Enquirer: 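The structure that follows is given in the form of structure tokens.
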Amino acid sequence: MTLPSLRLKSNSDRRIKAGHLWVFSNEVDTAQTPLTAFEPGQEAQLESASGKPLGLVCMSPTNLICARMHSRDVGHGLDKSLLVHRVQVALSLREKLFDKPFYRLVYGDADLLPGLVVDRFGDYLVVQIATPGMERVREAIVEALVQVLKPAGVLFKNDSGARKAEDLPSYVEAAFGEVPERVALEENGVRFEAQVWTGQKTGWFYDHRMNRARLAPYVNGKRVLDLYSYIGGWGVQAAVMGATEVMCVDSSAPALDMVEHNAGLNGVAEKMAVVEGDVMDALRELKSAGEKFDVVIADPPAFIKKRKDVRNGEAAYRRLNEQAMRLLNKDGILVSASCSMHLAEENLREILLASSRHLDRHLVITERGFQGPDHPLHPAIPETGYIKSLFCRVLPV
């Protein structure tokens, strides 16, 4: 099938040739190939200004990122065959890394499937589609996943904010087989159940797996506070790793119910306490009550979702981390994490330093964490690297 051409302006092919996969609307020669001629999700052949084929893309013609590349070989379009190949390649990496089938199976651009995320929970797969191109081949995605992994069920969890930006409908539905409300997973030897139909994102956050594993030497025999705990990824693991007491704070009552459920799965329910409410309010109340902790974990949702939010977002990180430090014992550990793509690690370090100096504390960073290897970084697309986790020792001066 002959595909329409998307022609770039002179010298606008440099980023693509250097490895990037995104085409911006201001790079397109709209005189020759007007963006208005394309439908959302339509596949096209990307060409340099001279007409040389560069690869195949799927279109988002009304967005700043107007096209995303899925193949540099113009003979391999986005169909079931290519999807099967890409999924097999992605699976081969995860099977080398993990001995049990609980991981992010497909991570968008890094797995050459822009706009597609697949999380694996044993026999169940949760799929998130964020672009019209992937939405167009959603049935082929399911067929490819079924062929490669033979799952018991596949769930479309297509209710993300990214879809709204692409004018895609929001829906959550079973795409294959039956998917229960709760699915089991295991992380760092700790058992969990996640609510994939109603939970945040795909129901679980595999990205901090390695950082949570780092908790062990810090929490053994200690009192731990887990802020924005969600369903206990950090807190329950801390309890299993030997913490004497763990307090989980979250604004969601259903999430805290799952904290208690997951604690029970691991026989550590008696160590857990939950606090429902706004985290900043809870921090002030804990301070007023004279509470102290040996370890505080601050892993908030993204405070910086867009570049325009950087200033306000950095101020929010400053307030959170400073209040968290106030609750630490004299020789305490702060685990400060961020999933904000627009917050550089260097900026987070500066925020932590400023917070510690404001409280007249001495802070050193003992470990630096990144996202797990099932969330590989595409070196040409820094946006694929978003997780920061800094383990800090906080001492009196």
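Since this is a predicted model, take the numbers as computed values, not measurements. We count residues from 1, following the sequence as given.
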Enquirer: Once rounded to the nearest 0.5 Å, what's the spacing between atom CG of Leu8 and atom CG of Leu46?
Expert: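 One gets 4.5 Å once the value is rounded to the nearest 0.5 Å.
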Enquirer: Is there a side chain to side chain contact (heavy atoms under 4.5 Å, CB included) between Glu193 and Met258? Walk through the geometry before answering.
Expert: CA-CA 8 Å; Glu193 288 185 356; Met258 289 302 297; 4.1 Å; yes
Enquirer: Counting only heavy atoms from other residues, nucleotides and ligands, does the tally under 6.0 Å from CZ of Arg357 exceed 12?
Expert: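 Yes.
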Enquirer: Could you grab the distance from atom CZ of Arg214 to atom CD of Glu367, nearest 0.5 Å is fine?
Expert: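 Reported to 0.5 Å precision, the distance equals 5.5 Å.
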Enquirer: Between Asp79 (side chain only) and Leu82 (backbone N and O only), is there a donor and an acceptor less than 3.5 Å apart?
Expert: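 Such a contact is found between Asp79 side chain and Leu82 backbone.
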Enquirer: Got a sec: does the CD of Glu270 have more than 12 other heavy atoms crowding it under 6.0 Å?
Expert: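 For Glu270, atom CD is crowded (more than 12 foreign heavy atoms under 6.0 Å).
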Enquirer: For residues Tyr218 and Phe391, report the shortest heavy-atom separation together with the two atoms involved.
Expert: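 Residues Tyr218 and Phe391, closest heavy atoms: CE1-CD2, 3.5 Å.
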Enquirer: Tell me if the CZ atom of Arg191 is crowded by more than 12 foreign heavy atoms within 6.0 Å.
Expert: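 Incorrect, the count does not exceed 12.
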Enquirer: Answer whether the closest heavy-atom distance between the side chains of Leu105 and Leu91 falls below 4.5 Å.
Expert: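 They are in contact (side-chain heavy atoms under 4.5 Å apart), so the answer is yes.
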Enquirer: For Leu149 and Arg120, what are the C-alpha separation, side-chain angles and deciding distance, and is it a side chain to side chain contact (heavy atoms under 4.5 Å, CB included)?
Expert: CA-CA 10 Å; Leu149 291 123; Arg120 186 178 188 185; 3.4 Å; yes
Enquirer: Taking all non-hydrogen atoms of both residues, which atom of Ser338 and which atom of Leu343 are closest, and how far apart?
Expert: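 Between these two residues, the closest heavy atoms are OG-CD2, 3.5 Å.
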Enquirer: Salt-bridged, Arg349 to Glu345, with N to O below 4.0 Å?
Expert: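 Yes, this pair counts.
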Enquirer: Does one hydrophobic cluster hold both Val154 and Tyr107, with members joined at side-chain heavy-atom distances below 4.5 Å?
Expert: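 Looking at the clustering, Tyr107 is in a separate group from Val154.
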Enquirer: With side chains defined as the heavy atoms from C-beta onward, is the minimum distance between Val183 and Val126 less than 4.5 Å?
Expert: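 Val183 does not reach Val126 side chain to side chain.
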Enquirer: Test side chain to side chain contact (heavy atoms under 4.5 Å, CB included) on Val84 and Lys80; report intermediate values, then the result.
Expert: CA-CA 6 Å; Val84 165; Lys80 180 185 173 183; 4.1 Å; yes
Enquirer: Under the 3.5 angstrom rule, does the side chain of Gln45 hit a backbone N or O of Leu3 as a donor-acceptor pair?
Expert: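 No: the side chain of Gln45 does not pair with the backbone of Leu3.
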Enquirer: Is the backbone N or O of Phe303 less than 3.5 Å from a side-chain atom of Ser340, with the two atoms forming a donor-acceptor pair by type?
Expert: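 Such a contact is found between Ser340 side chain and Phe303 backbone.
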Enquirer: So which heavy atom on Asn321 is nearest to which on Ser355, and how close?
Expert: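 Looking at all heavy atoms of both residues, the shortest contact is CB-OG, 4.4 Å.
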Enquirer: Is the shortest heavy-atom distance from the side chain of Lys157 to the side chain of Lys201 under 4.5 Å?
Expert: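 The answer is no, as the side chains (C-beta and beyond) never meet within the 4.5 Å cut-off.
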Enquirer: Please say which of His208, Arg209, Glu187 ends up in a side-chain hydrogen bond (donor to acceptor under 3.5 Å, both in side chains) with Gln237.
Expert: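 That would be Glu187; it is the only one of His208, Arg209, Glu187 passing the side-chain hydrogen bond (donor to acceptor under 3.5 Å, both in side chains) with Gln237.
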Enquirer: Using a strict 4.0 Å threshold on nitrogen-to-oxygen distance, state whether Asp309 and Lys306 make a salt bridge.
Expert: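 No salt bridge links Asp309 with Lys306.
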Enquirer: Taking side chain to side chain contact (heavy atoms under 4.5 Å, CB included) as the criterion, tell me which of Leu286, Val296, Val274 meets it with Met247.
Expert: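 For Met247, the side chain to side chain contact (heavy atoms under 4.5 Å, CB included) test succeeds with only one of Leu286, Val296, Val274, which is Leu286.
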Enquirer: Could I get the full list of salt bridge (Lys or Arg N to Asp or Glu O under 4.0 Å) partners for Lys17, not counting sequence neighbours?
Expert: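 Per chain and number, Lys17 pairs via salt bridge (Lys or Arg N to Asp or Glu O under 4.0 Å) with Asp13.
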Enquirer: Flag the pair Lys9 and Asp29 as a salt bridge only when some basic side-chain nitrogen lies within less than 4.0 angstrom of an acidic carboxylate oxygen.
Expert: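 No, this pair does not count.
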Enquirer: Do Arg163 and Asn158 come close enough that some side-chain heavy atom pair is under 4.5 Å?
Expert: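 In short, these two side chains touch, coming nearer than 4.5 Å.
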Enquirer: Using the rule that two of Ile, Leu, Val, Met, Phe, Trp, Tyr join whenever any of their side-chain heavy atoms come within less than 4.5 Å, decide whether Leu390 and Leu363 are in one cluster.
Expert: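 Same hydrophobic cluster.
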Enquirer: Minimum heavy-atom separation for Glu322 to His358, with atom names?
Expert: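 Between these two residues, the closest heavy atoms are OE2-ND1, 2.8 Å.
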Enquirer: Would you say Glu43's side chain and Leu78's backbone share a donor-acceptor pair under 3.5 angstrom?
Expert: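 A pair under 3.5 Å: yes.
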Enquirer: State the CG-OG distance between Asp278 and Ser251, to the nearest 0.5 angstrom.
Expert: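 OG of Ser251 is found 7.5 Å from CG of Asp278.
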Enquirer: Working note: Ile129 + Leu116, criterion side chain to side chain contact (heavy atoms under 4.5 Å, CB included); need CA distance, chi angles, decisive distance, verdict.
Expert: CA-CA 5 Å; Ile129 292 172; Leu116 180 65; 4.0 Å; yes
Enquirer: Over 60° means perpendicular and under 30° means parallel, so tell me whether Phe98 and Tyr103 are parallel, tilted or perpendicular.
Expert: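 Parallel, since the angle between the ring planes stays under 30°.
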Enquirer: Regarding Glu166 and Thr131, do their side chains bring together a donor and an acceptor under 3.5 Å, going by distance alone?
Expert: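 Distance-only check fails for Glu166 and Thr131.
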Enquirer: Is any side-chain N of the basic residue among Arg7 and Glu47 closer than 4.0 Å to the acidic one's carboxylate O?
Expert: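 Glu47 and Arg7: salt-bridged.
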Enquirer: In the single-linkage hydrophobic clustering (I, L, V, M, F, W, Y; side-chain heavy atoms under 4.5 Å), do Met280 and Ile304 co-cluster?
Expert: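 Yes, one cluster joins them.
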Enquirer: Treat each ILVMFWY residue as a node, draw an edge where side-chain heavy atoms are under 4.5 Å apart, and state whether Ile141 and Leu112 are in one component.
Expert: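 Cluster IDs for Ile141 and Leu112 differ.
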Enquirer: Is any side-chain heavy atom of Met69 closer than 4.5 Å to one of Val23?
Expert: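 With C-beta onward as the side chain, the pair stays apart.
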Enquirer: Do Leu320 and Leu359 sit in the same hydrophobic cluster, where Ile, Leu, Val, Met, Phe, Trp and Tyr count as joined when their side-chain heavy atoms come under 4.5 Å apart?
Expert: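 Yes, Leu320 and Leu359 fall within the same hydrophobic cluster.
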Enquirer: Might you confirm whether atom NZ of Lys271 has over 12 heavy atoms from other residues, nucleotides or ligands at distances under 6.0 Å?
Expert: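 Above 12, so yes.
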Enquirer: Any Lys/Arg nitrogen of Asp111 or Arg94 sitting under 4.0 Å from an Asp/Glu carboxylate oxygen of the other?
Expert: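 Result for this pair is yes, salt bridge flagged.
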Enquirer: Quick one: sort the Phe205 and Tyr230 rings into parallel, tilted or perpendicular, breaks at 30° and 60°.
Expert: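 Perpendicular.
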Enquirer: Can you pull the side-chain hydrogen bond (donor to acceptor under 3.5 Å, both in side chains) pairs that have at least one residue in residues 381-393, sequence neighbours excluded?
Expert: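 Pairs touching residues 381-393 that pass the test: Asp207-Tyr386, Asp331-Arg393.
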Enquirer: Taking Lys222's backbone N and O only, do any of them form a donor-acceptor pair with Thr244's side chain (distance below 3.5 Å, no angle check)?
Expert: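 Yes.
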Enquirer: Would a 4.5 Å heavy-atom cut-off, applied to side chains only, mark Leu113 and Leu83 as touching?
Expert: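 Side chain of Leu113 against side chain of Leu83, heavy atoms only: contact under 4.5 Å found.
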Enquirer: To check you understand the geometry: which heavy-atom pair defines the closest contact between Asp374 and Arg104, and what is its length?
Expert: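 Minimum heavy-atom separation between Asp374 and Arg104: OD2-N, 3.0 Å.
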Enquirer: Rounded at 0.5 Å granularity, tell me how far CG in Leu377 sits from CG in Asp109.
Expert: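 It is 11.0 Å, given to the nearest 0.5 Å.
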Enquirer: Quick one: does any side-chain atom of Asp73 pair with a main-chain N or O of Gly75 as donor and acceptor, under 3.5 Å?
Expert: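 Pair found, side chain donor or acceptor close to backbone of Gly75.
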Enquirer: Within the supplied structure, the quantity of interest is the number of heavy atoms (other residues, nucleotides, ligands) at a distance under 6.0 Å from Lys292 NZ; does it exceed 12?
Expert: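 Above 12, so yes.
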Enquirer: Determine whether the aromatic ring centres of residues Trp204 and Phe121 are separated by less than 6.0 angstrom.
Expert: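 Here the rings of Trp204 and Phe121 have centres that are no less than 6.0 Å from each other.
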Enquirer: Just jot down the side chain to side chain contact (heavy atoms under 4.5 Å, CB included) partners of Thr30, sequence neighbours excluded, or say none.
Expert: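 Side chain to side chain contact (heavy atoms under 4.5 Å, CB included) list for Thr30, sorted by chain: Val28, Leu35.
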Enquirer: Do Pro151 and Asp123 come within less than 4.5 Å of each other through their side chains, counting heavy atoms only?
Expert: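 They are not in contact (no side-chain heavy atoms under 4.5 Å apart), so the answer is no.
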Enquirer: Ignoring hydrogens, what is the shortest heavy-atom contact between Gly277 and Val249? Give both atom names and the distance.
Expert: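 In terms of heavy atoms, the two residues are closest at O-CG1, 4.3 Å.
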Enquirer: Using atom types as modelled and distance alone, determine if a side-chain donor or acceptor of Asp250 lies under 3.5 Å from a backbone N or O of Leu227.
Expert: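 No; judged by distance alone, with no hydrogens or angles, the pair does not exist.
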Enquirer: Is Asn266 reaching over with its side chain to a backbone N or O of Asn262, donor-acceptor style, under 3.5 angstrom?
Expert: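 Such a contact is found between Asn266 side chain and Asn262 backbone.
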Enquirer: State, yes or no, whether a side-chain contact exists between Tyr124 and Leu155 at a heavy-atom distance under 4.5 Å.
Expert: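 Tyr124 vs Leu155: side chains apart.
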Enquirer: Rounded to the nearest 0.5 Å, how far does SG of Cys248 lie from CE of Met272?
Expert: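 Spacing of CE (Met272) from SG (Cys248) equals 3.5 Å.
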Enquirer: Check this for me: His76, atom NE2, are more than 12 non-hydrogen atoms of other residues, nucleotides or ligands nearer than 6.0 Å?
Expert: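 Counting neighbours around NE2 of His76, 12 or fewer heavy atoms of other residues, nucleotides or ligands fall under 6.0 Å, so no.
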